[in-house]
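Here is the structure we will look at.
Labels below follow one simple rule: chain letters A, B, ... track the order of the sequence lines, proteins then strands, and each chain is numbered from 1. The structure presented is a predicted model; accordingly, all values stated were derived computationally and were not measured.
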Amino acid sequence: MEFFLEIILNLVGLLVGLAIGTISYIGFKNTGSPTLFRISIAFFAIGIGFGILATGFILDDFIFKTGDINRGISTLGVASQTVGYWFIAFSHTIRTFFPKSRYFRSIGVIPLFFVSFNYIENILRAVSFILLVYGAIETLISYIEGRKKTTLFVAIGLGLLGFGEFIGWYSFVFPETILYVFSILIKIGGLIAIGIPVSKIPFRKISFDENL
Amino acid sequence: MTEHRTQIKIVGEILDTATHEIDEHEGTTITHIIRKANISHGRLSTILNNLVSQGLLEQVNSKRSYRYKTSHSGREFLVAYKTFREFSDDFGLTI
């Protein structure tokens with residue numbers, strides 16, 4: 001049941017991510033806006049991340065049958081998603097993320113060689129959670145300023161993704177409970193809410209008034 | 001607090017002014033664009049030259065002064081700009 005839900009969640013994520021990424025890229029090609037370029041990178045990374053996770057779950061379900069996703073694949077998927085969330089947060093003007101000092105930058109990479117995939121995945125999930133909360137708050141502030149309903153949906157979507165991640169942590173503490181399924185359902189709801197702005201893009205050729 | 005406008009937003013406002021505020025055949029004046037798009041003359045001149053060279057604006061010869069009107073591709077750009085401005089607004093971001 002949980003595997004099946006995970007596959008659905010990740011396929012929905014792949015679909016929503018690629019749809020928003022593609023539309024943003026079309027927007028960037030038409031207008032040259034760097035903001036749209038950042039949104040396209042963000043959602044392509046998020047979509048690819050979900051796609052990698054979906055592949056991992058499908059491979060295990062149909063081929064390996066170990067009952068758990070391969071940690072390497074899982075870490076790669078989560079890392080790709082984290083990159084996407086970072087670009088969303090960056091678009092809300094995070095000025096500096098990495099330390100400027102060359103010394104700190106060099107020692108900042110070293111721990112990655114000493115910790116297991118499991119630890120890296122947990123660290124990335126924690127970073128994703130923080131970025132999602134930041135993105136949700138910034139988007140909510142934009143909604144308060146502009147009062148656009150779709151902005152509220154995106155804020156709620158990012159918030160639900162973060163909340164789903166948070167509930168997912170509790171399922172480590174209380175395994176075999178409904179919490180894990182609940183967290184997946186919350187995340188699916190979040191992805192659908194984020195995908196709402198796509199439905200407003202006109203997919204028809206725009207004609208012009210000849211009298212203009 | 002004043003809002004920082006990106007270059008694309010300024011271009012959008014200039015094209016919007018040159019589309020909707022025109023004397024149909026003669027185009028709109030620089031003074032009118034300055035007033036509507038709220039931009040300095042020096043900065044506007046550079047942007048207008050770029051827009052004309054890219055084919056988004058047409059320079060109309062007039063006896064008294066230079067006038068500008070939005071070209072067909074300028075209107076296409078304006079429609080795309082407005083669509084994707086809405087789209088980025090949905091994500092709480094400025095285009």
A/Ile26 versus chain B, the contacting section by heavy-atom distance below 4.5 Å: both

Which atoms of A/Ile194 approach chain B - backbone, side chain, both or neither, heavy atom under 4.5 Å: both

Side chain A/Ser142, main chain B/Gly92, donor-acceptor under 3.5 Å: yes

Which portion of B/Gln7 sits near chain A, non-hydrogen atoms under 4.5 angstrom: neither

A/Leu152 versus chain B, the contacting section by heavy-atom distance below 4.5 Å: neither

Top contributor to chain B interface from A/Phe43, A/Phe153, A/Tyr143, A/Phe28 [non-hydrogen pairs under 4.5 Å]: A/Phe43

Aromatic plane relationship, A/Phe90 with A/Phe87 - under 30° parallel, 30 to 60° tilted, over 60° perpendicular: perpendicular

With B/Glu58 via side chain to side chain donor-acceptor pair (under 3.5 Å) - residues at least two apart: none

Atom pairs and distances, side-chain donor-acceptor, residues 31-40 of chain A, under 3.5 Å, sequence neighbours left out:
| residue | atom | partner | partner atom | Å |
| --- | --- | --- | --- | --- |
| A/Thr31 | OG1 | A/Gly27 | O | 2.8 |
| A/Thr31 | OG1 | A/Ser33 | N | 3.3 |
| A/Ser33 | OG | A/Thr35 | N | 3.3 |
| A/Ser33 | OG | A/Leu36 | N | 3.3 |
| A/Thr35 | OG1 | B/Thr94 | O | 2.8 |
| A/Arg38 | NE | A/Ser91 | OG | 3.4 |
| A/Ser40 | OG | A/Leu36 | O | 3.4 |
| A/Ser40 | OG | A/Phe37 | O | 2.7 |

Geometric class of the B/Phe87/B/Phe91 ring pair [parallel <30°, tilted 30-60°, perpendicular >60°]: perpendicular

Proximity breakdown for B/Ile8 and chain A, heavy-atom pairs closer than 4.5 Å: side chain

